[in-house]
Amino acid sequence: MNPTTREPEISLKALRHSAAHVLAQAVKRLFPSAQVGIGPATEEGFYYDFHFERPFSPEDLQKIEAEMKAIIAERSPIVRRALSRKEARDLFSEKDEPFKLEILHGIPEESEITVYDQGDFTDLCRGPHVPDTGEIGAVKLLSSSGAYWKGTEGNPSLQRIYGTAFPTQKELDDYLVHLEEIRQRDHRKLGKELGFFKTLDENGAGMVLWLPRGARIRRVIEDIWKIRHDRHGYQYVYTPHIARLDLWKKSGHWDFYRDSMFSPMEIEGAEFELKPMNCPFHILIFKESIQSYRDLPVRFAELGTVYRYERSGTLHGLLRVRGFTQDDAHIFCRPEDIATEIGKVLKLVDEMLLPFGFTNRSVYLSTRPEGSVGSDENWEVATRALEEALRTSGIPYEIDPGEGVFYGPKIDMKFHDVLGRTWQLSTIQVDFNLPEKFDLTYRDVSGKDVRPIMIHRALLGSVERFFGILVEHFKGAFPLWLAPEQVSILTIADRHIPYAEKIARALEASGIRVTTDFRNEKIGLKIREAQLLKVPQMWIVGDREMKEGTVSLRHRDGSPGGAIPWESAKSDIENENRSGLALG
RNA sequence: GCCGGCGUAGCACAGUGGUAGUGCAGUCGAUUCGUAAUCGACAGGUCGUCGGUUCAAUCCCGACCGCCGGCUCCA
């Protein structure tokens with residue numbers, strides 16, 4: 001791109017950081033009483049926070065953007081200047097910038113204080129910046145919102161203006177196309193258009209109603225999940241949605257996570273609580289059924305729906321809800337079996353996620369955090385076991401120091417979707433805490449009672465969230481084996497209905513998801529509607545097909561598949577279903 | 001929860017201090033028509049909920065519920 005740029009990502013960051021300064025300069029020109037907060041570059045652009053007596057309107061943003069373009073056209077040099085502490089203090093006192101003074105106050109004694117000048121604007125900043133404002137080839141303001149000073153609730157509320165900048169207009173235009181693509185893929189938009197799910201005011205925020213078309217996809221996902229877990233030696237269990245509050249007190253959830261739990265309800269004098277997790281139930285099942293090392297490892301799996309209080313402002317489609325289904329399982333094993341068990345889970349992660357096209361991932365091993373429970377020895381053993389499992393599986397990973405859960409180390413996996421966005425899906429966590437709290441033991445070979453290790457793991461995370469991600473990943477066009485309707489049979493005229501009906505019954509009998517459109521409508525309309533619903537295959541039947549025992553195949557992308565005998569079209573789908581479900 | 005925006009028929013959207021429209025979907029009728037929208041008629045809304053201001057509110061004000069963009073949070 002730019003031959004003079006040796007480190008493009010660093011220079012793009014500098015460019016955007018400079019664009020943030022230009023934003024602040026523009027705001028100060030148009031609204032001199034606005035006070036500046038901070039204005040960094042971000043992954044995709046930049047923002048700047050301002051304290052101002054009224055909110056910025058979209059019209060304000062337009063004016064500010066125009067002013068920014070004027071500043072860029074001025075090509076003001078951006079000049080670094082080192083100041084003494086006192087000079088800096090005087091400068092920002094005089095400018096009446098209390099937030100800058102607060103930042104200044106927080107800079108360690110030994111650090112150098114620098115400011116950057118550009119035209120009539122000076123900002124406290126450690127840089128780096130591009131040499132002059134003219135380097136910013138293209139800039140656009142995207143949105144504004146509230147933000148707390150220093151991100152802390154209770155601090156003054158500032159107004160944050162977001163924007164992005166690129167060296168060239170072409171790159172900005174490409175980015176805007178990318179944003180539009182993300183908007184088009186939004187699972188909330190597609191979920192509505194394609195009839196996948198609903199959240200209703202009447203029903204309550206963050207509670208998902210799965211409509212039939214979404215539910216069909218969910219069922220396929222759950223079927224695959226159950227089949228693979230059966231094969232990996234898991235035992236499926238069912239547990240209730242509420243439990244006595246005492247159980248949550250014993251597990252420690254009530255102490256640690258009460259803020260995220262719904263309020264208890266009273267039933268005949270005892271308090272009950274909606275479950276935020278499945279683990280205590282699985283522990284109770286363990287306690288009831290396992291005594292000997294001969295029974296280990298034992299793996300209890302459940303698609304368990306849990307309820308967590310999330311603040312109203314954080315809810316987001318299917319990605320952040322208050323009731324969701326974890327693809328949960330708990331493995332109880334001897335300490336010496338941790339690495340083997342983790343290795344098996346890693347294999348299962350692949351088997352579960354590869355079919356959905358999640359081939360790219362980043363893996364993180366999180367180690368012991370501050371204020372954790374458990375002995376040094378336990379942490380040491382478990383962390384080493386996780387590393388060993390990753391190494392044996394040949395999975396590259398990064399260490400996330402101190403990011404483990406308080407009860408044990410964990411492996412997190414982030415997967416990349418078709419747009420390159422990353423989603424944390426799988427998590428595997430070792431737990432020393434709960435076996436202790438519930439005094440779990442098994443009888444060892446030597447006849448001693450030994451505490452088992454517990455492993456929590458979820459592969460998809462939550463079925464709701466995973467589905468939302470899939471909708472965006474596939475843009476609503478689910479692959480044949482996963483689509484809510486795999487085939488739509490479209491008739492040309494009423495006289496073709498019996499033939500079409502016969503085929504439809506045969507498909508149903510083979511477990512193929514089929515819909516029919518026998519309406520007295522023109523074939524063009526039927527095709528259009530099936531295509532808008534992203535049905536993978538349309539089978540059109542008219543006089544010719546009826547006579548020859550064929551169907552005329554049309555794919556949802558509009559490409560024709562020609563006339564083929566319907567039995568062979570049927571077995572093609574059966575084959576795809578078998579490989580998709582790994583039943584073959 | 002906080003800051004800002006928003007909430008009109010199933011969906012997408014107009015609109016006004018004197019109780020509302022358009023398109024698609026729906027229903028009915030006609031059409032039986034071969035690869036992305038056949039024609040016509042009809043019907044459909046206590047304008048998110050509750051309260052207030054007013055002779056009169058969907059429109060103004062307040063609270064609540066929900067949605068959107070962020071902040072914060074995310075065991």
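Only a predicted model underlies this, so the values are computations on that prediction, with no experimental measurement involved. In the text below, chain A, chain B and the rest are named by the order of the sequence lines, each starting its count at 1. Heavy atoms only: backbone and side chains are in, while hydrogens, waters and symmetry mates are out.
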Quiz prompt | Nearest listed nucleotide, side chain of A:Ser143, among B:G69, B:C11, B:U35 | solution = B:G69
Quiz prompt | Phosphate contact (B:G1 OP1 or OP2) by A:Ser312 side-chain N/O below 4.0 Å | solution = yes
Quiz item: With a 4.0 Å cut-off, would you call A:Glu485 and A:Arg216 a salt bridge?
Solution: yes
Quiz item: What is the distance, rounded to the nearest whole Å, between atom CD1 of A:Ile523 and atom C1' of B:G34?
Solution: 7 Å
Exercise. Quick one: do A:Phe281 and A:Trp248 satisfy ring pair (Phe, Tyr, Trp, His ring centres under 6.0 Å)? Show the steps, please.
Key: CA-CA 10 Å; A:Phe281 298 103; A:Trp248 304 107; 5.8 Å; yes
Quiz item: What's the CG-P distance between A:Leu315 and B:G69, to the nearest Å?
Solution: 12 Å
Self-check item: Candidate nucleotides B:A36, B:A75, B:G34, ranked by approach to the side chain of A:Gln429 - the nearest
Solution: B:A75
Quiz item: With a 4.0 Å cut-off, would you call A:Arg183 and A:Glu180 a salt bridge?
Solution: yes
Exercise. Could you state the atom-to-atom distance from CZ of A:Phe52 to C1' of B:C3 in whole Å?
Key: 16 Å
Exercise. Could you tell me the separation between the CZ atom of A:Arg320 and the P atom of B:C67, rounded to a whole number of Å?
Key: 14 Å
Quiz item: Think A:Lys189 has a side-chain N or O under 4.0 angstrom from the OP1 or OP2 of B:C68?
Solution: no
Quiz item: Which nucleotide in the set B:U32, B:A75, B:G69 lies at the smallest distance from any side-chain heavy atom of A:Tyr407?
Solution: B:A75
Self-check item: Closest-nucleotide 5' rank along RNA chain B - winner of A:Met277 and A:Gly524
Solution: A:Gly524
Exercise. Using a cut-off of strictly less than 4.0 Å, decide whether A:Arg311 has a side-chain nitrogen or oxygen near OP1 or OP2 of B:C74.
Key: no
Self-check item: A:Arg188 side-chain proximity, nearest of B:U35, B:G69, B:G66
Solution: B:G69
Quiz prompt | Interatomic distance, A:Gln424 CD vs B:A75 P [rounded to whole Å] | solution = 9 Å
Exercise. Give the nucleotide from the list B:G34, B:G69, B:A75 with an atom nearest to the side chain of A:His253.
Key: B:A75
Quiz item: B:U35 P sits how many Å from A:Met538 CE, rounded?
Solution: 14 Å
Quiz item: Is the shortest side-chain N to carboxylate O distance from A:Glu97 to A:Lys28 below 4.0 Å?
Solution: yes
Exercise. With heavy atoms under 4.0 Å as the rule, sort A:Asp543 into base, sugar-phosphate or nothing.
Key: base
Quiz item: Picking from B:G34, B:U32, B:G70, which would you name as closest to the side chain of A:Tyr162?
Solution: B:G70
Quiz item: Under 4.0 Å between a side-chain N or O of A:Lys150 and OP1 or OP2 of B:C71?
Solution: no
Quiz item: What's the closest nucleotide to the A:Arg544 side chain, out of B:A75, B:U38, B:G34?
Solution: B:G34
Quiz item: Judged by modelled atom types alone, do A:Glu273 and A:Trp254 share a side-chain donor-acceptor pair under 3.5 Å?
Solution: no
Quiz prompt | Nearest-neighbour nucleotide for the A:Arg322 side chain, B:A37, B:U72, B:G66 considered | solution = B:G66
Practice problem: In whole angstrom, give me the gap between the P atoms of B:C64 and B:G69. | Solution: 22 Å
Self-check item: salt_bridge(A:Lys189, A:Glu193) N-O dist < 4.0 Å
Solution: yes
Quiz prompt | Among B:A36, B:G66, B:U38, the nucleotide that comes nearest once only the side chain of A:Leu525 is considered | solution = B:U38
Quiz item: Can you check the A:Lys526 NZ to B:A36 C1' distance for me, whole Å?
Solution: 14 Å
Exercise. Provide the distance between the two C1' atoms, one in B:G18 and one in B:G23, to the nearest whole Å.
Key: 28 Å
Quiz item: The side chain of A:Tyr148 lies closest to which of these nucleotides: B:U35, B:G70, B:C71?
Solution: B:C71
Quiz prompt | Residue-phosphate contact under 4.0 Å: A:His316 side-chain N/O, B:G69 OP1/OP2 | solution = yes
Quiz item: How do A:Lys192 and A:Glu529 order along RNA chain B: which one's closest nucleotide is nearer the 5' end?
Solution: A:Lys192
Self-check item: Strand partner of B:U35, provided both Watson-Crick or wobble distances fall under 3.5 Å
Solution: none
Self-check item: Separation of B:G34 P from A:His496 NE2 (nearest whole Å)
Solution: 9 Å
